[in-house]
Amino acid sequence: MRRAPLYRALRRTPLLRTLRRIPNPRLTGLGSGLFCTAVMFLLACLLQLVADGSVVAYGVLFLPVAALTALWVRPADLVTAPVGVPIAFAAGVLPVAGGTGGFGGQVMGLVTTLALHAGWLYGGTLVAGLVVTVRKIRLMAQRRRARPASRPAPAAATAAPSAARGKRLPTA
C-alpha cells in the first residue's frame, strides 16, 4: 500500500503534514474525562462572554472536542471516551444553561437545556463512539498482524482437546 501512487501523493499534501505535527497525547480514562469537561466548561464561559451564551455554538464546538477526546484516550481506556463525553457536555453547559433564581432555577435551566439540545449531546457521543470503534478495529488488526505465523490460532488449539474429551479409553 505504501508504494501506491495515491498514498505517495497524499503523503506530500500540506494538510497531512500539518496533521502529523499535532500533539498526540495519550490520556487515561479519567484524564480524558477531565480534559473534555475542562475544555467544554472553558468554551461555555467564553461563549457566555462573547456570544451571549449560545447553546447552538456550544453544541457545534462540542463535536470536535468529543472527537479529540476519543483520539487522545489511550488504547487501554478506549471504552471510557463515549462514557465521559456526555458527562462533560452536561457539566460544561452549566454557564450557558440560562437558569434564573437560586439552586432550583439553575437546575431547571440545566435540565431544560439538556432536553432541548440533546441532539448535540447524542451527536458528540456518536462521534466519540465511532472514533473509538475505528481505533479498536485498527488495534485488533495490528495485533493480528503482529502475531507470529508459526503459532496456531486459538480456535484450532481448543478444538482438538474438546474432540478427544468425549472418547473413552479402552480398558484392559
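Please read these numbers as outputs of a predicted model, since none were measured by experiment.
In this structure, the side-chain contact (heavy atoms from CB on, under 4.5 Å) partners of T37, at least two apart in sequence or on a different chain, are A88, A91. With sequence neighbours excluded, the residues satisfying side chain to side chain donor-acceptor pair (under 3.5 Å) with R74 are D77. Considering only residues two or more places apart in sequence or on other chains, Q106 meets the side-chain contact (heavy atoms from CB on, under 4.5 Å) condition with none of them. Not counting sequence neighbours, the partners of L46 by the side-chain contact (heavy atoms from CB on, under 4.5 Å) test are V50. A70 meets the side-chain contact (heavy atoms from CB on, under 4.5 Å) test with A81, A128, V131, V132; sequence neighbours excluded. Shown here are the ring-ring contact (aromatic ring centres under 6.0 Å, His included) partners of Y58, two or more places apart in sequence or in another chain: F89.
Hydrophobic side-chain contacts under 4.5 Å tie M108 to no other Ile, Leu, Val, Met, Phe, Trp or Tyr residue. Membership of an apolar cluster is not assigned to M140, as no side-chain contact below 4.5 Å to another ILVMFWY residue is traced. Other cluster members for L34: L30, joined by side-chain heavy-atom distances under 4.5 Å among Ile, Leu, Val, Met, Phe, Trp and Tyr.
When hydrophobic clusters are built by joining Ile, Leu, Val, Met, Phe, Trp and Tyr residues whose side-chain heavy atoms come closer than 4.5 Å, directly or via intermediates, L121 is not grouped with L126. Transitive grouping of hydrophobic side chains (ILVMFWY, heavy atoms separated by less than 4.5 Å) brings M40 and V56 into a common cluster. In the hydrophobic cluster analysis, where Ile, Leu, Val, Met, Phe, Trp and Tyr join through side-chain heavy atoms closer than 4.5 angstrom, V60 is grouped together with V39. A single hydrophobic cluster is not seen to contain both F41 and L63; linkage of ILVMFWY side chains at heavy-atom distances under 4.5 Å, directly or through other members, places them apart. Residues V79 and V85 do not share a hydrophobic cluster, defined by chaining ILVMFWY side chains whose heavy atoms lie under 4.5 Å apart.
Screening V107, T113, L110 for a side chain to side chain contact (heavy atoms under 4.5 Å, CB included) involving L94 leaves a single residue, L110.
In this structure, CD1 on I87 lies 10.0 Å from OG1 on T80, to the nearest 0.5 angstrom.
Nearest heavy atoms, A90 versus V93: O-CG1, 3.5 Å. Nearest heavy-atom pair, G124 versus A66, reported as atom, atom and distance to 0.1 Å: O-CB, 3.5 Å. When all heavy atoms are compared, the tightest approach of P75 to L139 is CB-CD2, 3.9 Å.
By the 4.5 Å heavy-atom criterion applied to side chains, L61 and V65 are not counted as neighbours.
Not one N or O on the side chain of S54 forms a donor-acceptor pair closer than 3.5 Å with the backbone of A51.
Sorted by first and then second residue, the ring pair (Phe, Tyr, Trp, His ring centres under 6.0 Å) pairs with a member in residues 100-142 form an empty list; sequence neighbours excluded. Residue pairs satisfying the side chain to side chain donor-acceptor pair (under 3.5 Å) criterion with at least one member in residues 63-73, sequence neighbours excluded, are absent. Note on residues 123-139: no pairs pass side chain to side chain donor-acceptor pair (under 3.5 Å), not counting sequence neighbours.
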